[in-house]
Structures are given as structure tokens and as C-alpha cells.
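The block underneath contains the structure these notes are about, expressed in C-alpha cells.
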Amino acid sequence: MPRSPDTQRALGEVIFERRNELDLSQEDVALAADSTQGRISQIEAGHNPSFGLARRIARALGWSSVELLRRVEERELKKGSGGDSSPSNG
């Protein structure tokens with residue numbers, strides 16, 4: 001059975017962490033990804049973006065879509081082995 005809620009949370013966490021690493025606001029990422037600040041906030045909170053938006057967000061964060069997916073998978077594996085990290089909106 002797919003574990004999409006965990007994947008969606010992992011995606012949001014990865015985006016949140018990368019955005020903060022780059023010192024970007026949600027608005028900065030939204031503008032670069034042709035989206036809205038509210039949508040970026042929802043994604044960071046665990047809501048599922050379209051594939052096209054996920055690709056645009058990856059590019060806004062300086063990554064390829066493959067790199068974004070790789071990091072999400074790494075996060076899922078860490079959580080499966082007991083690691084934990086929780087983003088807050090910002």
C-alpha cells in the first residue's frame with residue numbers, strides 16, 4: 001500500500017529546509033515557481049503539489065526534479081529508521 005501521506009510530509013520538509021538553507025521566503029519560491037505563497041505553505045505542510053509545480057519548485061531551489069525526489073526518498077528512509085524533523089511555516 002502506498003505511503004503517500006509520509007511522502008507528502010517528507011516533500012514538504014525537504015522544501016522547507018532547502019528554502020531556509022537558501023534564505024528564501026515562501027514568496028520568493030512561489031514567484032520563481034509561478035505559484036503563490038499560500039500554495040508553497042500548503043506543500044510545506046504536507047499537501048500534494050502537481051508534478052509540474054514540484055518540478056518548478058525544485059528549479060526555484062536550485063535542484064533538478066530528480067534531486068528533489070532523491071532527497072525526499074532519503075528523508076523517508078531516515079524517518080523509517082527513527083529520525084524526525086518537523087518544519088514550521090515561515
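No experiment lies behind these values; they were computed from the predicted model shown.
Among Glu67, Glu73, Glu74, the single residue meeting the salt bridge (charged side-chain N to carboxylate O under 4.0 Å, His left out) criterion with Arg71 is Glu67. When each of Arg39, Arg9, Gln8 is tested with His47 by the rule side-chain contact (heavy atoms from CB on, under 4.5 Å), just one qualifies, namely Arg39.
Closest of all the heavy-atom pairs between Ala10 and Glu76 is CB-CG, 3.9 Å. Closest approach of Ser64 and Ala58 over heavy atoms only: O-CB, 3.7 Å. Across all non-hydrogen atoms, the minimal contact from Val29 to Leu61 is CG2-CD2, 3.9 Å. The shortest heavy-atom contact between Leu53 and Ser35 is CD1-CB, 3.7 Å.
Considering only heavy atoms from C-beta on, Trp63 comes within 4.5 Å of Val14 through its side chain. Side-chain contact check for Glu44 versus Glu13: every heavy-atom pair is 4.5 Å or farther apart. Side-chain contact between Arg55 and Phe51 is present, with heavy atoms from C-beta onward closer than 4.5 Å. Between Pro49 and Ile40 there is no side-chain heavy-atom pair separated by less than 4.5 Å. For the pair Ile43 and Asn48, the minimum side-chain heavy-atom distance is 4.5 Å or more.
No path of Ile, Leu, Val, Met, Phe, Trp and Tyr side chains, each step under 4.5 Å between heavy atoms, connects Leu31 with Leu22, placing them in separate hydrophobic clusters. At a threshold of 4.5 Å between side-chain heavy atoms, the hydrophobic network of Ile, Leu, Val, Met, Phe, Trp and Tyr places Leu24 and Ile57 in one connected group.
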Start with the C-alpha gap between Gln37 and Glu27, add the side-chain angles, then the distance that decides, and say whether side-chain hydrogen bond (donor to acceptor under 3.5 Å, both in side chains) holds. CA-CA 5 Å; Gln37 178 276 325; Glu27 183 69 20; over 6 Å; no
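Of the inter-residue distances, the one linking Phe16 atom CZ with Glu21 atom CD reads 12.0 Å to the nearest 0.5 angstrom. In this structure, Leu68 CG and Leu11 CG are separated by 5.5 Å, a value rounded to the nearest 0.5 Å.
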